[in-house]
Each structure stands twice: as structure tokens, then as C-alpha cells.
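Beneath this line is the structure, given in C-alpha cells, with notes to follow.
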Amino acid sequence: LGERLGLSLQGRNLDVSGDTLFVDVIERPADGGPQAGLTFPEAYPDFGEPDYFTRSSLEREQFDFRLDGRLRLPARNLLRFGYDFQELERPLRELARTQTHNLRVGISSLGSRRLKARARYVFTKFRNPFAHLHAALPPALQPFPSPGSPPSPFGGTQYFEVYGARVADLSNFPHQTHQFTGSATWSPTDRLALSGHFRLRDSANDELNDFGDWQDTEISPSFDLWFAPLEKLGLAASYSYHRRRSETLFGIAVYDG
């Protein structure tokens, strides 16, 4: 669009399908005890039918859209911007549809021979990021009397009842992310150059529930120094720092079969 402004558009629609498979679970009868001769579903009718149909977890419909733009500014400065959109639908998951909005803007400055700099900011917003629903924190269940003679000292609450009663959703995917990167190089002479870099990424998911807030923050500054005191001698030094802090709730599977 003229000599200063340029735009690029891209789009893609993807449909991945697979076969349906029947999983026949081998139900072994108990060898002894009060359930001797019975399979698990026979001993615990509330468990339901263990056999099931399944399809590929990769089965999905995905739509992608991308807009990229560049604008030439005075003094050899360049502004880049863009927007990405993705809609992902999974027919075999409780959390069936996820939308991602990604906004990008960056600027680079080449106006000075001795100083060059660039910066970039990216904001990403997720709607219903992929999560593990009902993953942890079951409420207190009242155990029923355990059969046997003498009775087992353990309560009779079954693991599938505990799993079915969980109330906390967990995820290691953010609901929104802020990313910032910047760098600058200063060359006061042809024999000396000093560069600085900075990267920040802040991700959070505070829309799961009252239990499963998730946050992850990274910060990475670094510096580079190059000096050539002689024609055939160059010296280089650098320093980098990285810090990452995550906060999340973990669910440990105690009732695991």
C-alpha cells in the first residue's frame, strides 16, 4: 500500500479426523475375599461399564488467521505490527473449544550509525485454554462400611467416586501472557561496542476457580562488550541473568487404582 506501508494476510482451515476404536477391558474376577469370583463392575455396580469407544486425541478442527504489517517511519525507523487468531475445537474433550488472540507490535531504529535499537511487545489472550477439568480437591466423602470378616480398617470409598467428586480445575496453560523484548547496541568507535538485551514474559491463569490460580514469570537481562585494542586482537565479555518463578496447585493422585 504505497512505499511506506505493507500488509500480509494468511489463513488456514484444518480438519483432522480418525477412526473409532472399541477398547475391551479385560475384567478379571477376584481370587479371594468377599468379592471372590466377581469382577470389579460386578462387585461395585456404581462403577459402570469399563469398556468404551475412543478416537484419536489429535482429532480436531483448527482455523488460523494471521495479519502482518510494516510501516516505514522517518529517520530509517521501521514499525512492525500483527495479529494472530486461532480457533481450536476438540470433539473428544470436556473443554472442547479454545480461542487464541495474539497482538504484536515492534519498532526498530537504524537512524544512527553508532546506535541501533529495537523493541517488541506481544500480548496473548486465551479463551478456555486447554485444562484438566475436575482435577483435584474432592470434598469430604462419607466412607461406607468396608466388607470382610473382620472388616477392613480402610474406608470403603472407591477411587472412581473420589475422582468423580473433584471440584478444582487445573492447568499449566495461561489465560493471558505479556511478552516484552528489547535490545540496543552502542558503538562509539569502530573498536568498541556495547550491547544490552532484555526479555520479560509474564503469564497467568486466574480464571480456573478459587483453587487453581497459575502464574509464571521470566526475566532475562544480558550485556555484551566487545573491544579491539589492536588490529588483530579482540576482547569480548558478557553477563546474563535469568530468573523464573512459577506458582501453581498440584494434584497428587493418591487414589490410583
Side-chain angles (χ1 to χ4, degrees), residues 1 4-21 53-72 78-108 118-136 166-183 197-220 242 244-251:
L1 304 176
R4 293 186 176 272
L5 179 63
L7 296 176
S8 173
L9 297 175
Q10 300 180 46
R12 184 184 71 160
N13 191 68
L14 183 66
D15 190 352
V16 180
S17 60
D19 294 332
T20 300
L21 300 177
F53 288 91
T54 185
R55 292 154 74 181
S56 172
S57 61
L58 295 178
E59 192 163 305
R60 64 193 58 202
E61 295 181 7
Q62 180 175 326
F63 173 74
D64 296 281
F65 172 79
R66 182 182 179 95
L67 166 67
D68 289 291
R70 66 182 187 277
L71 176 63
R72 297 188 180 276
L78 180 64
L79 177 69
R80 295 183 181 273
F81 55 92
Y83 169 74
D84 305 310
F85 172 78
Q86 181 185 87
E87 184 174 78
L88 181 62
E89 187 168 358
R90 314 173 191 86
L92 306 178
R93 292 292 180 265
E94 286 185 276
L95 198 60
R97 180 174 296 180
T98 295
Q99 291 183 348
T100 304
H101 303 268
N102 193 48
L103 182 63
R104 300 171 278 111
V105 61
I107 187 170
S108 57
R118 62 179 56 190
R120 187 171 187 259
Y121 171 74
V122 180
F123 174 73
T124 306
K125 183 77 170 180
F126 300 90
R127 182 180 180 184
N128 295 329
F130 188 67
H132 187 181
L133 303 182
H134 315 300
R166 292 175 297 184
V167 296
D169 301 334
L170 300 183
S171 178
N172 64 337
F173 288 86
H175 183 261
Q176 65 180 24
T177 299
H178 300 272
Q179 299 181 72
F180 175 81
T181 56
S183 64
H197 311 272
F198 182 78
R199 180 169 62 92
L200 170 67
R201 178 186 175 94
D202 182 57
S203 304
N205 191 334
D206 56 0
E207 297 193 357
L208 291 171
N209 43 54
D210 295 335
F211 311 104
D213 288 357
W214 178 88
Q215 188 167 3
D216 186 80
T217 304
E218 289 185 82
I219 181 173
S220 301
H242 178 257
R244 180 176 183 180
R245 180 175 179 176
S246 299
E247 296 181 14
T248 187
L249 174 68
F250 285 89

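By the 4.0 Å N-to-carboxylate-O rule, R201 lies too far from D216 to be salt-bridged with it. Under 4.0 Å is where a charged nitrogen must lie from a carboxylate oxygen, and between R66 and D64 no such pair does.
The 12-atom threshold is exceeded at CZ of R104, counting heavy atoms of other residues, nucleotides or ligands nearer than 6.0 Å. Remark: D19 CG is loosely packed, at most 12 non-hydrogen atoms of other residues, nucleotides or ligands lying under 6.0 Å away.
Aromatic rings from F126 and H175 are positioned such that their centres are separated by 6.0 Å or more.
Looking only at side-chain heavy atoms (C-beta outward), L7 and L1 come within less than 4.5 Å of each other. Between R90 and L88, some side-chain heavy-atom pair lies under the 4.5 Å cut-off. The shortest side-chain heavy-atom distance between R80 and L78 falls under the 4.5 Å cut-off. Counting only heavy atoms from C-beta outward, the side chains of I219 and F198 approach each other to under 4.5 Å. At least one side-chain heavy atom of N102 sits under 4.5 Å from a side-chain heavy atom of V122. Looking only at side-chain heavy atoms (C-beta outward), R4 and L71 come within less than 4.5 Å of each other.
The closest side-chain donor-acceptor pair between Q86 and D84, if any, does not fall under 3.5 angstrom.
The distance from the CD atom of E61 to the OG atom of S17 is 9.5 Å, given to the nearest 0.5 Å. Atom-to-atom distance recorded for D169:CG and E207:CD is 12.0 Å, nearest 0.5 angstrom. Note that the CZ atom of R60 and the CD atom of E89 stand 11.5 Å from one another [nearest 0.5 Å]. Here OG1 of T177 is found 8.0 Å from CG of D202. Values are rounded to the nearest 0.5 Å. Rounding to the nearest 0.5 Å gives a distance of 7.5 Å between CD of Q179 and CZ of R120. Between the CZ atom of F123 and the NZ atom of K125 there is a distance of 5.5 Å, given to the nearest 0.5 Å.
A donor-acceptor contact shorter than 3.5 Å is absent between the side chain of R118 and the backbone of S108. Between the side chain of T181 and the backbone N or O of R199, no donor-acceptor pair lies under 3.5 Å.
Residue V16 comes nearest to E59 through the heavy atom pair O-CG, 3.2 Å, listed as atom of the first residue, atom of the second, then distance. Nearest heavy atoms, W214 versus S203: CZ3-CB, 3.8 Å. Between F81 and R70, the shortest heavy-atom contact is CE2-N, 3.9 Å. Contact between N205 and P129 at its shortest, heavy atoms only, is ND2-CG, 3.7 Å.
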Report task. Just do the side chain to side chain contact (heavy atoms under 4.5 Å, CB included) check on R127 and R97 with the steps written out, would you? Result -> CA-CA 8 Å; R127 182 180 180 184; R97 180 174 296 180; over 6 Å; no
Query raised in the report: Checking side chain to side chain contact (heavy atoms under 4.5 Å, CB included) for the pair F65/L9: CA distance, chi angles, key distance, verdict?
Result: CA-CA 8 Å; F65 172 79; L9 297 175; 3.9 Å; yes
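A perpendicular orientation is assigned to the rings of F173 and F130, their planes being inclined by more than 60° (bins at 30° and 60°).
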